[in-house]
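Written out below as structure tokens is the structure these notes cover.
Note: hydrogens, waters and symmetry copies are ignored here, and every other heavy atom, side chains too, is used. In the text below, chain A, chain B and the rest are named by the order of the sequence lines, each starting its count at 1.
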Amino acid sequence: MSRILLKNKLDDCIAAWRSAGFSVLAPVRRSDLSRFDEVERSTDMALDLVLPERTIKDHFFPQTEPLIKYKIKKHDIDSQEMLPPDMKRVFFGVRPCDASGLAIDDPLFGWDYKDEYWFKRRDNAVIVTIACTASDDFCMCTSVKLDPDSTKGSDVMLRPLQNGNGWQVEALTDRGNALLGPVASFLQEGSEAPAPVASVPVRFDVDRVMEWLADPASFESHFWKEISLRCIGCGSCTFLCPTCHCFDIQDEGDTFSGIRRKNWDSCSFAMFTMHTSGHNPRNTQSTRWRQRIMHKFNYYRGKFGVNSCSGCGRCTRQCPVDMGITETLQAITNLPK
Amino acid sequence: MSEPFEPKIVAFVCTYCTYAGADLAGTSRMKYASNVRIVRLPCTGRISPMFILKALQKGADGVLVSGCHPGDCHFAQGNYHARRRWTVFRALLAFTGIPEQRIRFSWISAAEGAKFAELINTLTEDIRKLGPFEQYHELQKVIETQSTY
Amino acid sequence: MGIQEQYISEAAGLLASGAVKLVIGYCEGSTPDRRRPVFVRTPAEAERLMLDGACVANLSTYLITEGLLSDGKSVAVFLKPDGIRSINILAAEAQINPEQVVIFGFDIENGQARTLAGRKASDFTSVVEAAKAAGLSADLQKESERLVQMSAEERFEYWKEQFSKCIKCYACRQVCPMCYCRRCIVDVNQPQWVNTSSHTLGNFEWNIVRAFHLAGRCVACGGCDRSCPVNIPLRLINHRMAKEVLDAFDYYAGESTDQKPVLATFRQDDPETFIL
Amino acid sequence: MAKIGVFVCHCGENIASMVDTANLVAAISEHPGVEICTEYKYFCSDPGQETVKRAIREHGLTGVVVAACSPRMHEQTFRKACAEAGLNPYMLELANIREQCSWVHTDKEEATEKAIEITRSLVEKVKRNNGLYPISVPVTRRAMVIGGGIAGIQAALDIAGAGREVVLVEREPSIGGHMSQISETFPTLDCSQCILTPRMVEAVQHPNIKVMTYSEVEEVDGFIGNFTVKVRRKARYVRMETCTGCGDCIQKCPVKKIPSEFECNLGNRTAIYTPFAQAVPNVPVIDRSRCTYFKNGKCAICKKTCQIDSIDFDMQDTIESIEVGAIVVATGFQLQDTSLYGEYGYGRYKDVITGLHFERLASASGPTAGKIRRPSDGKEPETVVFIQCAGSRDVSKGVRYCSKICCMYTAKHAMLYAHKVHGGNTKIFYMDIRAAGKGYDEFTRRAIEEDHAGYVRGRVSKIFEENGKLIVRGADMLLGRPVEVEADMVVLATAMVPQPDAKDFAKVLGIGYDEYGFFNEAHLKLRPVETATAGIYLAGACQSPKDIPDSVSQASAAAAKVLGLFSREQLEREPVVAMVGESTCAGCWGCVTACPYNAIDHKDITDRNGNVIKRVASVNPGLCQGCGTCVSFCRSNSIDLAGFTEKQIFAEVMAL
């Protein structure tokens, strides 16, 4: 026996959470784009998506965020911090890979300086994940040692029922348990079996990849040049990635006042490492692509003990030239030992 | 309603014709609305579309771009080049929903002080009727508030 | 022999004879309906080339890769009429020497690739003329007209919604063969004309500037639109610009390798009905 | 750190009565970077300027804003003051709070607010101003005049007369141009040759003038003060240095039946020839295409005849490269080919001729020794019909413009005819009589009143031959009825058109041309003799149809411009010019195309070993006039305009 949430009770849950002061965010399809956004009822949701095009990272580490508001005075500057307001949020229908992405980034934002802008949002968010029963040609969670029902980063796990009427509900954390409190009356006990999770093939040997990347000789390998020839140097893979977290600080304003902002940046951009002198240590696309792969599967692990990839496959799925991590790691897997 | 809305208008003009025309309006002691702020450039050829965008960001409710009549350009061709740019840029702005009535173009010669004064008055009045360009200013206001994400 | 086999054999021949150092074409992609760009350097590799109705990307964008053509050697590239027009513009804007570009011309009709005869950009004059005569896309015109019929406020709201999605990944710029600037205007920070932040204002500015810079240069290959990860209908805004230069100046981008840029030239009798 | 001084002028009451200057000073004083802000009754006065200068020195100001009148009024005044106080004059901006503020507004509060905003935005601009220094360009004080017609000769003589060297290039074997073909000139009826020939001789003998006939300009490089011109000296096959011009070779040349271009094919010339008897230089040329020797290697009679062995069949074209500082273009005009009017029968009927033909017939040195004889049978025509605007002012077939000289020369022709053929009849079909000019209207009146020129207002619709007569059918619009005239000869007032190769030549020079091919002046009203390319000037009919007095006036004007340029060794120019950011320029050459002054060129950037890495745009500060059209075109923001830089304008707007 387990707790069950029936689909026809979902609206009650939403209402209950909302009246408990939560805003409820779920995958929606709006203006020709699937992403997480606030919903008021279940019909707003697009839960049938394998994966929304945008990640939930957007809601913890927004693409652009004000940090400081400043006013320029004759002899000094007035400034005022612009932390986000307190927001109690339920993210409903998150996929395990996106939820894992948050967990992967947590140590990054908290290892020395605790990034308040991330944790203020993170601490007040409850992640309700739905295990995947479907996948597509780009999904690769199993290749990075996660699964279609990984619980990493999630507070509540929902497993779709075989009969399609609802989900098995499992609270994974205190936050998850607390979230279920106000909706306990809409849950029921049941023994319906969950549907089998999606079968996602293992597309590369991540251990072999890590081994190869760690070999100092690999850094200068001709491999990087060949594999990245068609990369056009846009930032779509990094910006759609649930774990990429690079940013730039930018002042925007006029003569009298302005805002200091934190904006996404991408290691794919030629400007990313451009020095004021004009020198660019990563002056070709291959060195940038190498950086991205190295960072995800070598450096990040070195620092935080985990690879910076949750296997969502967006990098390939939305790449204008059909590149992505999968192809590269497959190629590394297939390199002669 | 208390006070009538006073629109903010930014004008980009060439120094040889329209700026001189504006001076003439002054020396002739013509009276016109005080809503326009003039940015003086050597030639309409120097007026980049970016100027217009920045004026809007700065809260302009209307923009005027003005220079020498065709054939009168001090630099012979600057205004012809400018005219092509305006044609294209104006179409672009209109297509993105920035009303054509807010971005105006004119030829005003150094002798047309009266035309300048009259245009400023009409323009001010037209834009006053349109009201503040809230839709665009809203974009700026959003930036200045904390993220609700 | 189908077009694919024919071009594979010709590409292999060109590589074998040393007539070209590289062939830029399409090969199998990560799913059955995807084709990805491929760079072929040996006759043997030419076997990987594919050509069919799924080959839509405008590969001319790779020709502006820094240093690619600087050794004076030739490169062959698979191009549709839009790509051929791109070559014309790149040549007219002195970014490439068209003599170094061998074109495998093709077009897609009813989902099938069909040969376009010719090897050099100048061989395709009639193809470009036919494209001009066929007019701008009627589908886009219809969509664009729908927007034009709206009130300015509605149109603004429409684009505000669309541009609010923009994440400034610059895929639209990177995929575009016309965006060859060594430094994009958006990367100019002294002064910062375009707000680089991806808030809606910054996105408005970026997308307006991008469209303006493509006015009279866009060949409607659709690359930006397809590449946009957040599905902004960039094709519409580019189409509107193409229509404007065609209507106002009878200018069709990419007609020849010596066509002058529409915004660097003028006619004394250019239309000016909007100027007071 | 910026230290800006702001000086608020009351202009007596002119500003102070409408702008609360105390308020203005208070507001500006609070602005970041403003070191000092004061007000005064008249800053343009001596004590006012002293205040500014003292403040610059005492406060070490890095920039100055004077909030006063229009920069068009006192910018120079205050720039000078800044310079005198040791501040670069371009570190100054004027905030126009008089013409564009106090004088035009009626609400003091609004005017004050506006004055504050204007001043503040210029403070922001001036913070980003850069010190600029006048640009000096060395000047080669030698001029080239292209075209040896009356305009070219006049320009050359004027420049040479002022002591500067001139190279006069003419593509025909002789200088003289169209004027040498003309019989008498209106409105004085003096003989064209008589007034022209002395000037031709003067030119060729002038110590400062080097005349290069039978030569063509092939390439022009460089810019104002520093042109390099490649001139092709076509092989004459006669040695200029030794030929005495005795004419024996011409006499003996067996090829005698070549239609003479100079005589408009009404007379003949030989294969070795001078175009006309008074040619300057009086050295013949061999027409290679007609010469028997060049055709089959036989003949060479001229060589045998020449006593001083001046004939050289092996002579080759040579290219001479000449450095000059200025170029006067005086390449003249041509006549439109009138055969496009099928209904007039030109080319079909021998006795339908052009005005220039008539000049040759009336010329004492012409093929008929000045007797009016019709070409077909040599008879004296009893009735001559003149048709004006045979090509001019005709949108459908001819040209849209008025050729300007035809009304006058037709009246002259009617007069000459009346003087030479007593009792003859003239009919002149005209649209309007345009006789503006000194003595011109009097002249046409004289033609009508004294010489009975028969003016008929109307157009001719058809000319056909019948019984040895030319039947001219037309309409008399004043009487409103058809007219038919039996004429012996018809003279068409053909349109003046640009030289057939004018457009190509304009490209060689890098100057503009209009839809017809006439060269474009920099400004139709204010700079009519300059071209948009600095250092290249226009004279005569290459710019637009002109008569002799106009051509000569313009030639002298062009010469004055050249002499002005040559008055100093260095040309000093305003430093408001464009500059290229070479690191980011993508080399698309849009700016090169857009520049109205051809001031932008390509520049190779090379590595240490001299290999070209990339090509970028490069502005020639000697040519740039500072319009900034290139800046607005440049997509990558790689070109900027000193004095109005992107940073300056951005700051100005962002402060509004």
Residues of residues 177-186 of chain C with any heavy atom under 4.5 Å of a heavy atom in chain B: none
Side-chain touch B:W107/C:E272, heavy atoms, less than 4.5 angstrom: yes
Taking every non-hydrogen atom, the tightest pair across B:I143 and C:H199: CD1-CE1, 3.3 Å
CA sep, side-chain torsions, deciding dist, call: B:E138, C:K160, salt bridge (charged side-chain N to carboxylate O under 4.0 Å, His left out): CA-CA 11 Å; B:E138 188 61 35; C:K160 186 177 141 190; over 6 Å; no
Side-chain (B:R84) to main-chain (C:A264) donor-acceptor, under 3.5 angstrom: no
B:K58, NZ atom: more than 12 neighbouring heavy atoms under 6.0 Å: yes
Over all atoms of both residues, closest heavy-atom pair of B:Q135 and C:E153: NE2-O, 2.9 Å
By ring-ring contact (aromatic ring centres under 6.0 Å, His included) - contacts of B:F95 (at least two apart): C:W159
Chain B interface, residue from C:V209, C:N195, C:V148 that has the most non-hydrogen pairs under 4.5 Å: C:N195
CG on B:N79 to CZ on C:F266, rounded to 0.5 Å: 8.5 Å
Heavy-atom closest contact (B:T87 atom, C:P271 atom, distance): OG1-O, 4.1 Å
Which of B:V65, B:T96, B:L53, B:V88 touches chain C most, by non-hydrogen pairs under 4.5 Å: B:T96
Chain C contacts, top residue of B:A91, B:G71, B:P49 (heavy-atom pairs, under 4.5 Å): B:A91
Atom pair CD1 (C:I275) and OG1 (B:T44), whose distance is rounded to the nearest 0.5 Å: 9.0 Å
Per-residue contact mode, C:T265 against chain B (heavy atom under 4.5 angstrom): both
Residues, nucleotides or ligands: over 12 heavy atoms within 6.0 Å of B:E118 CD: no
Which atoms of C:F204 approach chain B - backbone, side chain, both or neither, heavy atom under 4.5 Å: side chain
Closest-packed option against chain B by number of heavy-atom pairs under 4.5 Å, given C:N207, C:L236, C:T200, C:V245: C:L236
Nearest-0.5 Å distance that lies between atom CZ in B:R104 and atom CZ in C:F274: 12.0 Å
Any donor-acceptor N/O pair, C:R155 side chain to B:A94 backbone, under 3.5 Å: yes
C:E244 bridged to B:R90 by N-O distance under 4.0 Å: no
Minimal non-hydrogen separation, B:H81 against C:L263, with atom names: ND1-O, 4.1 Å
Contact origin within C:D269 toward chain B - heavy atom pairs under 4.5 Å: backbone
Non-hydrogen side-chain atoms of B:M50 and C:V194 separated by less than 4.5 Å: yes
Sub-4.5 Å side-chain heavy-atom contact between C:I208 and B:L93: yes
Non-hydrogen side-chain atoms of B:P70 and C:Q268 separated by less than 4.5 Å: no
Within residues 6-43 of chain B or reaching into it, pairs that qualify as disulfide bond (SG atoms under 2.5 Å apart) - sequence neighbours excluded: B:C17-B:C68
Nearest atoms (heavy-atom pairs only) where C:R267 meets B:R83: O-NH2, 3.0 Å
Part of residues 249-257 of chain C lying next to chain B, heavy-atom separation under 4.5 Å: C:F249
Under 4.5 Å from any heavy atom of chain B - which part of C:S144: both
Whether C:W193 and B:F51 hold their rings parallel, tilted or perpendicular, with breakpoints at 30° and 60°: tilted
Part of B:L119 within contact of chain C (heavy atom distance under 4.5 Å): side chain
Full working for side-chain contact (heavy atoms from CB on, under 4.5 Å) between B:L139 and C:F156: CA-CA 11 Å; B:L139 302 180; C:F156 191 92; 4.0 Å; yes
B:E144 CD: over 12 foreign heavy atoms closer than 6.0 Å: yes
Pairs of heavy atoms under 4.5 Å with chain B: top-ranked of C:M150, C:K243, C:E205, C:E154: C:E205
